[in-house]
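I have placed the structure first, in the form of structure tokens, so that the comments after it can refer back to it.
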Amino acid sequence: MSTVVAELNGLPSSELEDRLAALGGPERTAARPSLPSTPEFADLPGASPGKVVLRLAPFPSGTLHIGHGRMLFINQLYRERYSGRILLVFDDTIGSEEKRVETEFFDLILGDCEAAGVHPDAVFYKSDRVPNFYPWAERVIAKGAAYVCRCPAELLRENRAHGVACPERAQNPGEAMDEWNKMLGNSYAVGEAVLRLKTDLQDPDPAFRDRVLFRLSDLDHPRVGTRYRVWPMLEFSWAVDDIELGITHVLRGKDLVMEDRMQRYIWDLLGIHGPSFVHWGILRVREAKVAKSKSYREIKSGEFDGWSDPRTWSLRSLDRRGITNDAVRAFILSFGMSLADVEVPAETLYAENRKRIDASTVRRAFVADPVRVEVDAWPEDLASVSLPNHPDRAELGTRVAPAGPVFHLARRDLEPRLGSEIRLKDLANIQLPAALPSAGGTLAARFTSRANQRIPRLQWVGAEGALPVDVLGIEGEHTPGLGEATLASARPGEVFQFERVGFVRVEKDWTGGSAPLRVVFGHP
RNA sequence: GCUCCCGUAGUCUAGUCCGGUCAAGGAUUCCGCGCCUUCGACGCGGUAACGUGGGUUCGAAUCCCGCCGGGAGCACCA
């Protein structure tokens with residue numbers, strides 16, 4: 001028996017299946033069709049084509065970063081599925097001392113949406129709508145479901161944690177209305193009074209107990225100045241606007257789930273049927289550790305190179321790096337609608353982008369930290385050479401690049417090969433001397449042969465016409481180096497692969513002379 | 001601490017609603033090989049997972065319960 005087992009185990013599975021079939025066994029198993037690999041986006045509850053209205057609600061205190069992409073692309077996906085509408089509603093209520101509204105972001109954010117292919121059907125500003133919220137507050141007060149609380153913030157918080165009611169909670173609707181009018185009428189200083197919703201102080205979720213609906217603020221709003229002192233909190237403003245703007249579905253991050261409950265509570269109170277809510281978990285790119293507020297400081301101080309500095313991981317910084325919107329969208333949608341929080345390495349995004357650009361991106365030579373190498377006995381006919389633009393795609397053509405006898409090679413490549421023969425990639429072989437020249441000096445090498453040999457192949461840049469190139473890296477660092485002469489005609493926005501370095505995107509035309517060609521590193 | 005949510009390979013994800021077709025699919029990482037891009041682009045190949053304990057069932061990644069682990073919320077921010 002064991003010999004039979006041993007024999008059968010040694011056979012390929014196809015042979016086994018043939019034998020089995022011959023014995024009257026089950027038929028060969030067909031090759032298993034591969035399962036779908038893209039996440040499912042479930043249909044929206046109660047959604048019908050042409051009737052879906054969605055909203056994007058960014059707070060204008062920065063440009064959109066990769067985390068906002070999830071909001072952007074998921075909303076867009078459903079808008080496309082249902083031929084729906086998307087409203088861009090700037091959530092520019094007064095914010096706080098730490099979280100200020102700034103005018104410049106309105107256009108910047110709209111630009112981010114457009115660049116992502118999300119063209120809003122209409123744009124609204126919460127700050128224009130403040131007076132709309134007051135009558136709604138009065139409806140809630142009239143229901144006896146709100147009161148003006150005069151506890152200091154700290155006491156309020158503590159009482160909430162312990163389920164303790166403050167004396168004002170006993171206000172009847174008339175008293176509450178009087179107090180509310182005092183709030184509106186400047187009778188209270190900032191921080192002295194708030195309008196609170198009456199929920200249940202024993203609610204199991206401490207976060208839900210008697211939330212604040214309106215508060216006072218003297219901050220100067222960039223659009224409406226100090227016209228209003230009484231500002232709604234996010235939940236209340238949305239309880240109103242989701243109705244007034246006819247929103248059918250609210251798709252947002254799970255950090256806002258408690259706000260759903262608030263909105264529903266208010267709607268139930270008023271006998272209104274509101275939109276449904278859908279959430280997703282937090283998406284973090286491992287490398288994008290920079291907090292939004294942190295990059296804000298650095299941009300304002302000039303330490304960062306504006307809102308598209310690679311360190312911000314803003315959507316516009318990805319574009320600057322030559323990462324296509326298409327790749328960003330596919331990357332983000334690959335996480336589906338999961339409520340689980342995901343932390344994903346940027347490499348996954350890079351792979352997505354590579355898939356799209358590798359086959360059509362031409363190769364160029366660049367060496368960082370170059371050492372000048374002069375080759376003795378260099379053949380005259382190798383003064384220039386025709387090189388393929390892409391190793392695997394002949395249809396991308398060739399370019400003619402200046403070659404010897406003088407080259408630049410990367411110090412890092414040279415150091416471990418001193419004293420040995422190396423091959424200048426796609427060109428010829430040379431013998432390296434045993435030691436590096438002193439700083440700024442020239443390395444004297446000697447031509448050996450042109451036959452392709454299996455020896456280390458090094459990247460080179462012909463000295464003639466070589467131009468200075470500055471590579472802006474992901475950490476904001478600058479890597480100076482030399483690029484091959486053909487780079488002189490590079491156009492802004494053009495993407496190249498610097499061989500063995502990675503994909504880069506050109507910032508501006510080269511101005512000639514010693515000013516470097518500026519490129520931004522995308523990814524390996 | 002309280003509330004809610006989530007656990008499939010190193011990472012992300014398909015499958016879970018409606019148990020068998022899943023000896024678990026894809027992507028990425030990693031490893032090996034190939035290549036006139038060296039560790040680095042590209043091509044080929046390989047390793048690698050149902051958190052845990054119980055229950056239901058002929059049969060559980062899928063249903064039920066406990067445990068463990070992780071995250072978010074608990075602002076007069078959004």
Side-chain angles (χ1 to χ4, degrees), chain A residues 29-30 32-40 42 57-61 91-101 126 149 151-154 156-157 160-161 163 190-196 203-209 211-217 231 233-235 237-238 253-261 279 281-283 286 330-331 334-336 338-345 347-352 354-355 358-359 361 363 365 387-388 390-393 410 412-413 416-417 422-427 452-459 497-503 523-524:
Chain A
T29 51
R32 194 142 54 86
S34 74
L35 296 163
S37 57
T38 42
E40 283 279 317
F59 183 76
S61 72
D91 225 333
D92 65 331
T93 50
I94 196 66
S96 63
E97 205 69 59
E98 312 83 61
K99 219 169 181 172
R100 308 286 292 245
V101 176
K126 269 283 164 63
C149 173
C151 299
E154 220 160 276
L156 186 159
R157 217 173 298 142
R160 173 151 55 211
V190 167
E192 208 179 351
V194 292
L195 185 72
R196 292 176 72 182
D203 191 280
D205 183 355
F208 194 70
R209 297 170 190 162
R211 302 274 301 179
V212 172
L213 260 22
F214 283 83
R215 64 190 163 128
L216 266 16
S217 176
W231 287 89
M233 305 297 288
L234 172 140
E235 305 94 305
S237 74
W238 279 113
K254 75 170 187 184
D255 48 324
L256 263 15
V257 287
M258 196 262 295
E259 281 72 9
D260 296 8
R261 224 187 129 198
H279 297 267
I282 312 293
L283 166 62
R286 194 161 299 153
F331 168 72
S334 77
F335 307 114
S338 160
L339 248 359
D341 300 310
V342 305
E343 180 174 290
V344 67
E347 179 53 41
T348 309
L349 170 63
Y350 301 158
E352 204 65 60
R354 246 184 246 125
K355 240 177 263 172
D358 181 70
T361 302
R363 271 51 175 172
L387 298 167
H390 192 292
D392 312 311
R393 314 258 309 180
R412 204 175 114 213
D413 286 348
R417 324 270 183 214
I422 59 103
R423 179 165 177 80
L424 299 172
K425 185 175 169 288
D426 289 310
L427 194 56
N452 184 17
Q453 296 181 51
R454 294 190 55 89
I455 53 177
R457 292 155 181 152
L458 269 45
Q459 198 69 44
Q497 189 205 66
F498 282 176
E499 287 195 353
R500 291 182 41 234
V501 174
F503 295 89
H523 54 84

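Note that these values count all heavy atoms, side chains included, but never hydrogens, waters or copies made by symmetry. Convention: sequence-line order gives letters A, B, ...; per-chain numbering from 1.
- Separating the P atom of B/rG46 from that of B/rU8 is a span of 25 Å, rounded to the nearest Å.
- Across all strands shown, A/G95 has heavy atoms under 4.0 Å from sugar-phosphate atoms exclusively, and none from any base.
- Heavy atoms of A/R261 sit nowhere under 4.0 angstrom from any nucleic acid atom.
- When distances run from any side-chain atom of A/A207 to the nucleotides B/rC36, B/rG73, B/rA41, the shortest one goes to B/rG73.
- You won't find any donor-acceptor pair under 3.5 Å spanning the side chain of A/R286 and the base of B/rU11, going by distance alone.
- At a threshold of 4.5 Å between non-hydrogen side-chain atoms, the residues A/F503 and A/R354 count as touching.
- Comparing the same atom, P, in B/rC22 and in B/rU28 gives a spacing of 23 Å after rounding to whole Å.
- Only the P atoms considered, B/rG70 is 22 Å distant from B/rU62, to the nearest whole Å.
- A distance-only check finds no donor-acceptor pair linking the side chain of A/H523 to the backbone of A/A351 [under 3.5 Å].
- Interface remark: the A/R393 side chain does not form any donor-acceptor pair with the B/rG43 base, using a distance-only criterion of under 3.5 Å.
- When the C1' atom is used for both B/rG73 and B/rG26, the distance is 34 Å, rounded to whole Å.
- A salt bridge is absent between A/D413 and A/K425: the closest approach of a Lys/Arg side-chain nitrogen to an acidic carboxylate oxygen does not fall below 4.0 angstrom.
- Atom P of B/rU11 sits at a distance of 15 Å from the matching atom of B/rU52, rounded to the whole Å.
- Taking only side-chain atoms of A/Q497, from C-beta outward, the nucleotide of B/rA75, B/rU37, B/rU28 with the closest atom is B/rU37.
- Of the side-chain N and O atoms in A/T93, one or more sit less than 4.0 angstrom from OP1 or OP2 of B/rA78.
- Under the 4.5 Å side-chain criterion, counting only non-hydrogen atoms from C-beta, A/L234 is not in contact with A/T93.
- Across the C1' atoms, B/rC18 and B/rA27 are found 28 Å apart, a figure rounded to whole Å.
- Listed nucleotides B/rC36, B/rU3, B/rA41 differ in distance to A/P391; the shortest reach to its side chain belongs to B/rA41.
- Of the candidates B/rG40, B/rC2, B/rU29, the closest approach to any side-chain atom of A/P206 belongs to B/rC2.
- For A/V344, taking side-chain heavy atoms from C-beta onward, the closest of the listed nucleotides B/rU13, B/rU11, B/rA72 is B/rU11.
- Taking only side-chain nitrogens and oxygens, A/R209 never comes nearer than 4.0 Å to OP1 or OP2 of B/rC74.
- For A/E259 against B/rA78, a side-chain N or O and a base N or O form a donor-acceptor pair under 3.5 Å.
- Distance from the side chain of A/R457 is smallest to B/rC36 among B/rA78, B/rA75, B/rC36.
- Heavy-atom nearest nucleotides on RNA chain B were determined for A/N452 and for A/G336, and the one closer to the 5' end corresponds to A/G336.
- Relative to the side chain of A/P204, the nucleotides B/rU29, B/rU3, B/rG40 differ in distance, and B/rU3 lies closest.
- Across all strands shown, A/R157 has heavy atoms under 4.0 Å from sugar-phosphate atoms exclusively, and none from any base.
- Checked for salt-bridge contact, A/R209 and A/D203 miss the test: no charged N lies under 4.0 Å from a carboxylate O.
- To the nearest whole angstrom, the two P atoms, one in B/rA14 and one in B/rU56, are 31 Å apart.
- At a threshold of 4.0 angstrom between heavy atoms, the contacts of A/L339 are confined to the sugar-phosphate backbone, with no base atom among them.
- Here the side chain of A/D255 is nearest to one of B/rA72, B/rU28, B/rU37, namely B/rA72.
- When each of A/Q459 and A/V257 is assigned the nucleotide of RNA chain B with its nearest heavy atom, A/V257 is the one assigned upstream, toward the 5' end.
- In terms of heavy atoms, A/K254 sits closest to A/H279 at CA-ND1, 3.8 Å.
- Residue A/R160 places at least one side-chain N or O closer than 4.0 Å to OP1 or OP2 of B/rC76.
- Across the P atoms, B/rU16 and B/rU21 are found 13 Å apart, a figure rounded to whole Å.
- The shortest side-chain heavy-atom distance between A/W238 and A/K126 falls under the 4.5 Å cut-off.
- Here the nucleotide nearest the side chain of A/K99, chosen from B/rU13, B/rA78, B/rC76, is B/rA78.
- Closest to the A/A351 side chain, of the nucleotides B/rC36, B/rA41, B/rU28, is B/rU28.
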